[in-house]
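Report on the structure given below.
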Amino acid sequence: MAEKKATKKVAKAETVAKKTATKSTTKKTTTTKKATVEKKSLQHYIDVINWKKWEAHNMNWLYIEINANDLLTEVEAGVNNVKTVCAAMLDTMLEGDGFIVEPKTKTKVSASLTVRYYCDNLSESRRKYQQGE
């Protein structure tokens, strides 16, 4: 009978040791670092907007309207990169393009920024919007 008690204690000690080892490896696997998301550059957004403008031009559309929040969601959903999107939108505005929704802030950085780009004349001779001010 003493042997049965001794083997039960050894078996119980082995079970506890296995559970402890499993818990420690589980903790190690759950503490991994989050992957960092690399934000798109200003030039990337400028290229996307210009591509949209040329697509509209080739379909003989008079204009397109682009919203900063919609563009951000389309290009990189879940990333807060509104400042870069707005800078690209303002940089690609040409003379004659206008604001549909213009933010009240001086920097014009807002997810609600909406610009109407006229696509009938995408000539390089058109001045940029910011040059006209």
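Nearest heavy atoms, Ile64 versus Ala56: CG2-CB, 3.3 Å. In terms of heavy-atom proximity, Asp91 sits nearest to Lys128 at O-NZ, 2.9 Å. Contact record, Val82 with Ala111: CG1-N, 3.8 Å, taken as the closest heavy-atom pair.
Not counting sequence neighbours, Trp61 has no partner by the ring-ring contact (aromatic ring centres under 6.0 Å, His included) test. Applying the side-chain hydrogen bond (donor to acceptor under 3.5 Å, both in side chains) rule to Thr73 yields no partners; only residues at least two apart in sequence or on another chain are considered.
Between the side chains of Tyr117 and Thr92, at least one donor-acceptor pair of N or O atoms lies under 3.5 Å.
Side chains of Asp120 and His57 form no contact here, defined as non-hydrogen atoms less than 4.5 Å apart. You'll find the side chain of Trp54 stays beyond 4.5 Å of the side chain of Ile49, heavy atoms only. Within the 4.5 Å cutoff, the side chain of Lys40 has no heavy atoms near those of the Thr84 side chain. Between Asn81 and Leu72 the shortest side-chain heavy-atom distance falls below 4.5 Å.
For residues 66-82, the pairs satisfying salt bridge (charged side-chain N to carboxylate O under 4.0 Å, His left out) are Lys52-Glu74, with sequence neighbours left out.
A salt bridge links Arg126 to Asp97: at least one charged side-chain nitrogen sits closer than 4.0 Å to a carboxylate oxygen.
Both tests do not hold together for Lys53 against Tyr63: distance to the six-membered ring centre under 6.0 Å, angle to the ring axis within 45°.
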